[in-house]
Undergrad: 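Please find one structure pasted underneath; my questions will follow.
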Amino acid sequence: MLEVKQSHQQRPAGDGKIIYPLGVKEITDKISNDEVVKRLKLVVKTYMDMDQDSEEEKQQYLALALHLASEFFLRNPNKDVRLLVACCLADIFRIYAPEAPYTSHDKLKEIFLFITRQLKGLEDTKSPQFNRYFYLLENLAWVKSYNICFELEDCNEIFIQLFKTLFSVINNSHNQKVQMHMLDLMSSIIMEGDGVTQELLDTILINLIPAHKNLNKQAYDLAKTLLKRTVQTIETCIASFFNQVLVMGKSSVSDLSEHVFDLIQELFAIDPLLLVSVMPQLEFKLKSNDGEERLAVVKLLAKLFGAKDSELATQNRPLWQCFLGRFNDIHVPVRLECVKFASHSLMNHPDLAKDLTDFLKVRSHDPEEAIRHDVIVTIINAGKKDLNLVNDQLLGFVRERMLDKRWRVRKEAMMGLAQLYKKYCLHHEAGKESALKISWIKDKLLHIYYQNSIDDKLLVEKIFAQNMVPHSLETEEKMKCLYYLYACLDTNAVKALNEMWKCQNMLRGLVRELLDLHKLPTSEANTSAMFGKLMTIAKNLPDPGKAQDFMKKFNQVLGEDEKLRLQLEQLISPTCSCKQAEQCVREITRKLTFPKQPTNPFLEMVKFLLERIAPVHIDSEAISALVKLLNKSVEGTADDDDEGVTPDTAIRAGLELLKVLSFTHPTAFHSAETYESLLQCLKMEDDKVAEAAIQIFRNTGQKIETELPQIRSTLIPILHQKAKRGTPHQAKQAVHCIHAIFHNKEVQLAQIFEPLSRSLNADVPEQLITPLVSLGHISMLAPDQFASPMKSIVANFIVKDLLMNDRSVGNKNGRLWTADDEVSPEVHAIKLLVRWLLGMKNNQSKSANSTLRLLSAMLVSEGDLTEQKKISKSDMSRLRLAAGSAIMKLAQEPCYHEIITPEQFQLCGLVINDECYQVRQIFAQKLHVALVKLLLPLEYMAVFALCAKDPVKERRAHARQCLLKNISVRREYIKQNPMAHEYVVPYMIHLLAHDPDLTKPQDLEQLRDVKECLWFMLEVLMTKNENNSHSFLRKMVENIKQTKDVQAPDDPKANEKLYIVCDVALFVIANKSTSCHLDSPKDPVLPSNFFTPPDKDFINDKEYLSPEAKLQPPKQTGVLGAVNKPLTVAVRRPYIKTTTSDTGSNASTNSQPNSPATNKSRLLLFRISLLFFQCDVDFIQSQPSGKKRAAPASDGTENSVSSNPSAGSQPPANKPRRGRPPKNAAGVATPDKEAGATTGGGVGRGRKRAAPAQDPDSTASADPIGVKTPKQQKEAEPKRATPQRQIDLQR
């Protein structure tokens, strides 16, 4: 190391004359620059050859060394001169080390600044002088010449200038030696000095800032390597800098203060040891009150924790836990940044997934849409990299977000899961284990098709076509994918997929009808029809408002462009292949692209339409491929086990798939090969397979008779055999198949009808069901041919031998429901009666009147028509359901609806409160389907009001959803009368006034029940106040109070009940609406078959509710959280009643349904009325009803009828009112189990109703559907003698 000796100054020998090397003349300012350079080169060579041991030469050339540091050389304008002088000076410091020949501090400073300036020449590696510059650098680095500056007071200025120079000249043309010498030179200054000043530190750190880093990558690398080499020394300086900026807030200490977070990130990437003392300071910053400051720290730490090889989370747990706390930060951008970080963390540090899961769960429910969206992106990105990086809980968060309220979030969740499914389940990129882990995705995606939003439906269709069964695959591969997908789907997913194909087919039909209208001459009617089609099409596209305008424009283009119409016709043609469909879509899109625009919303909307109607999956080739796969499964040569399904499951699912496709693509099935395979399926033992095969023939075989005679000759005997001896479902399909595809259907049906009608034998019930089904469907399909023979069968066999003659003692285990395969022949007999009447569609013979009386008697007698106690509880439940469903089915025909009396309507409606859970469930679903298809008159919607008394919350929730759906459908259909659905209220009021539970009209408990039923309906109706509908409802109820009950116009008690229900309804309406007292926009018209015309002289302004009976207003209901049934049903043209007269009435309007004696006489009247069924033989025999026997004691099972052991010793009580059991006799509800009904002396012959017991799994304060639950039943006292009736709550 060179040292400065201030006590001794070396002087030249002799008189101080400058001695030059041999051959070098004196160098002065008198000579030219070229000469100076020439002479200096010799001097340089001389110094280069000298070493420290040459004492004589050192003394000889000392004066020259001092001369070279003169102003003439240090300030010489010639760069070559300066370079040569710098090289000489560097060698002088080497030779005279450790004592420098220069004693003045100022001179030393000037010399080193001069040498530093010359180092700038290193920048140009192609310069002729570069080797001399390199020699200069090498010499300085090797000797550590700059270390002499440590003794100078302002040495920092020299070092800063040196560092800046070296960082500025380094570039990618320098070799490793240059970089090494620069590092040696700078590191020696850092490591051997007393410390690094802030200014010097800044010259290093500035190269790490992103802006500088991008400008000079080599300077960044040089600084990075320098910091790594000097980490032990420089770490304290770095810590001091960050402490002043971060903790003390002294941003003025450095110009780099505003870049502290960028610097921390870079320093951490270089070597975490550089920040050992800085990290605790970041924990302090994470708790700052400034949101923007917290955000900056979170961004920084996210990069540090998420870096690939970072171990910061494990090495600094307190900082990690503090960082995780920012997931719950009040500042939205902070939470958003945390969520974004989680993606890198999951991918780079799987071990941290457990820590992140709980925080991501909370953020997946964040109120901010962007955060929920980014949670999904985070999880999906990690899953796409490696499925093992995301656990089931994280995937569950994405699944939940598919039901998010925001479309952007739902879309991201659905698309993300679809991409995972395609990658791991379709392409099997990670093996079977990973595919099994996410096998649920396919089902959950298809379940979204149940949502009401058209955007959701369209996205599911897109996902299905691109990710689940990619349409780009070859036909065989595509159909294999579809075949096994269908076999693996759950029941609801299968229904959703079927509905998807059904909707697409419906839309194709609408477009086909629109094109047909274009072929007709222009007219006002034609234009109106086109408009209707366009509006319907628009409802099936996103944003229906804009879609309407775009569809009008598209229709205009169709009218002007014949080629476009032809392309569209080909696209929706039944014979269009998948390849042709793709070509048509491209051609239509190309034609609509001009003129080109950056965004073309019209084109995008048309694309949506084309994607929905284009048959990209199914054509004749695809059906053929599916049939081949089915054959392989039948033969046992398929890959069923490898695909995770059994051969039987594959066969059954394959036939179901073909059956569904036979509805939507019937033309694609027409080939001998396909039908041959289906014939083989008909011969299989699996009943479901054969049934599906028959239905496929029924849907697709219209041309079999003319084009495939061999198939016809084989098919006919099989269909005959199935119609006679197959299962009931096979028999039904066989009859319909014969009727659909054969020209001589009359002959074929007669060949089935005649032997079956002769072989009917009620003594062999197990062989009776299939004939009954076949005969019923034959009489419905061919009424002109078989209506008359059927009347004889109905009179002599169905009624006399079957329904009125109980031959065997039923199962007495007390169960209220049994499996479908145990249904009694009597149920099918009732269905036969209905089908026979539906076939005739007239009541000229009054057969319908008698049938309705029969069905009413069945309901009154609780399903035991003969009252001989021979029939089992489960059969009675089945018969009640069959009778109620039959009345509802007949009501769908106008000719029969007109003769259904109000009392028969009430009996039918009360089935929805049956004691058997399955009866209530099935009846409600049948009612909903018929209403939503607009097949039933409006009054039947009133029946849903009774669901408020259902003890099972899922049933109430389902009923409310049914109401919402029905009202929505009717609003859409009858837009010219927006208040049409409000006319359900009079029917509801009349129905509740005749509720068997309403025995004491002023009883608070009974009034509360009435209020709950009214609120159940009114809450849905009053969601909107369209056209002042609230005042219309009030006016309607007030008008009812001015009329009388048609059923009992002269009965004061019956009319009082009606008026009390009206008062409760007015109370509910007034408490719900503040605008109901306004003037009604129109005067309601009440149904004349339920209410008498208003008496103008009679003003009924009396309040029938006592002051204590005025109830609290009902609480409002929120959105239902769960619905247990899909509610999407296609709409048909509604039945519109043409008359309100009650002609053809078959019961006295003055009868009182609450009277047991009336019930008895009504049953007798029914039996007498059956005389019309006689042909030549009087088959009605008097059957004494006898004394009702008590049921056998319970067998101890949970599903048995509860009985009181002391009841047998008591005399039989008087028969109570019809309907639900008394409040104090309601049993305790037992979930998930069937409960029988007591048959002791305390139970009368009424239709059993569901007891309004509280749900066992709910409380009064937490009702899931938001309305007040029916009241709690008081527990029966321990010693009460009256037997209790349990209510069936089986789910």
Side-chain angles (χ1 to χ4, degrees), residues 687 725-732 756-757 759-777 793-794 796-836 851 854-889 911 914-923 926 1163 1166 1170 1183 1191-1192 1199-1201 1234 1236-1237 1239 1245 1247-1248 1288 1290:
D687 293 337
R725 290 180 292 279
T727 66
H729 290 292
Q730 290 174 355
K732 170 186 174 181
L756 286 181
S757 61
S759 63
L760 293 175
N761 185 357
D763 294 327
V764 191
E766 62 273 9
Q767 297 179 9
L768 193 56
I769 294 177
T770 296
L772 289 176
V773 171
S774 294
L775 290 174
H777 283 282
I793 295 173
V794 167
N796 293 319
F797 179 78
I798 300 299
V799 177
K800 179 181 177 181
D801 286 354
L802 197 55
L803 294 177
M804 298 299 297
N805 192 1
D806 291 338
R807 285 176 165 73
S808 60
V809 178
N811 187 351
K812 294 296 182 181
N813 65 3
R815 289 183 180 275
L816 289 175
W817 195 258
T818 54
D820 289 347
D821 55 1
E822 300 178 27
V823 178
S824 67
E826 287 81 0
V827 172
H828 290 282
I830 291 175
K831 291 182 178 180
L832 181 146
L833 285 173
V834 174
R835 289 167 185 149
W836 171 52
T851 301
L854 168 67
L855 297 173
S856 301
M858 186 73 74
L859 293 173
V860 170
S861 62
E862 300 179 359
D864 187 3
L865 197 58
T866 61
E867 298 182 341
Q868 295 182 10
K869 297 295 181 183
K870 292 183 179 181
I871 190 168
S872 68
K873 292 291 179 183
S874 59
D875 284 346
M876 290 171 65
S877 296
R878 290 275 186 181
L879 286 168
R880 293 196 300 273
L881 174 61
S885 302
I887 294 175
M888 186 164 60
K889 194 76 175 175
V911 177
D914 194 90
E915 65 177 342
C916 177
Y917 176 85
Q918 286 82 0
V919 172
R920 304 197 300 274
Q921 181 186 39
I922 297 171
F923 183 82
K926 287 177 179 288
L1163 183 59
F1166 151 71
L1170 289 178
Q1183 299 187 22
N1199 295 326
S1200 61
V1201 178
E1234 291 178 352
T1239 56
R1245 179 185 51 190
R1247 246 278 293 101
K1248 298 182 181 178
D1288 171 32
Q1290 181 172 334

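Count residues from 1 along the sequence.
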Undergrad: Can you confirm whether Asn761 sits close enough to Leu768 that some side-chain heavy atom of one is under 4.5 Å from a side-chain heavy atom of the other?
TA: no
Undergrad: Would you check if Ile830 and Leu879 make a side-chain contact, meaning some heavy-atom pair closer than 4.5 Å?
TA: yes
Undergrad: Please list, chain by chain and in numerical order, all residues satisfying side-chain contact (heavy atoms from CB on, under 4.5 Å) with Ser877, sequence neighbours excluded.
TA: Leu816, Trp817, Arg880, Cys916, Val919
Undergrad: Does a side-chain heavy-atom distance below 4.5 Å link Asp914 with Phe923?
TA: no
Undergrad: Do Ile793 and Leu832 come within less than 4.5 Å of each other through their side chains, counting heavy atoms only?
TA: no
Undergrad: Provide the closest heavy-atom pair for Ala829 versus Ile798 in the form atom of the first, atom of the second, distance.
TA: CB-CG2, 3.8 Å
Undergrad: Return the CG to CE distance between Leu881 and Met858, rounded to the nearest 0.5 Å.
TA: 12.0 Å
Undergrad: List the atom of Pro728, the atom of Val773, and the distance in Å for their closest heavy-atom pair.
TA: O-CG1, 3.4 Å
Undergrad: So how far is it from Leu865 CG to Met876 CE, rounded to the nearest 0.5 Å?
TA: 11.0 Å
Undergrad: Find the distance between OG (Ser885) and NZ (Lys831) and round it off to the nearest 0.5 Å.
TA: 8.0 Å
Undergrad: Donor-acceptor pair, Arg920 side chain versus Glu915 backbone, under 3.5 Å?
TA: yes
Undergrad: So, for Ile871 and Asp875, which heavy atoms are closest and what is the spacing to 0.1 Å?
TA: CG1-CB, 3.5 Å
Undergrad: Under 3.5 Å, is there a donor-acceptor pair between the side chain of Arg878 and the main chain of Glu826?
TA: no
Undergrad: For Gly726, is there any backbone N or O sitting under 3.5 Å from a side-chain donor or acceptor partner on Thr770?
TA: yes
Undergrad: Distance check, rounded to the nearest 0.5 Å: Asp864 atom CG versus Ser872 atom OG?
TA: 10.0 Å
Undergrad: What's the shortest heavy-atom distance between Gly884 and Leu859, and which atoms?
TA: N-CD2, 4.0 Å
Undergrad: Test side-chain contact (heavy atoms from CB on, under 4.5 Å) on Leu833 and Leu855; report intermediate values, then the result.
TA: CA-CA 10 Å; Leu833 285 173; Leu855 297 173; 5.7 Å; no
Undergrad: Compare all side-chain heavy atoms of Leu802 with those of Leu772 and state whether any distance is below 4.5 angstrom.
TA: yes
Undergrad: Rounded at 0.5 Å granularity, tell me how far NE2 in His828 sits from CG in Leu775.
TA: 13.0 Å
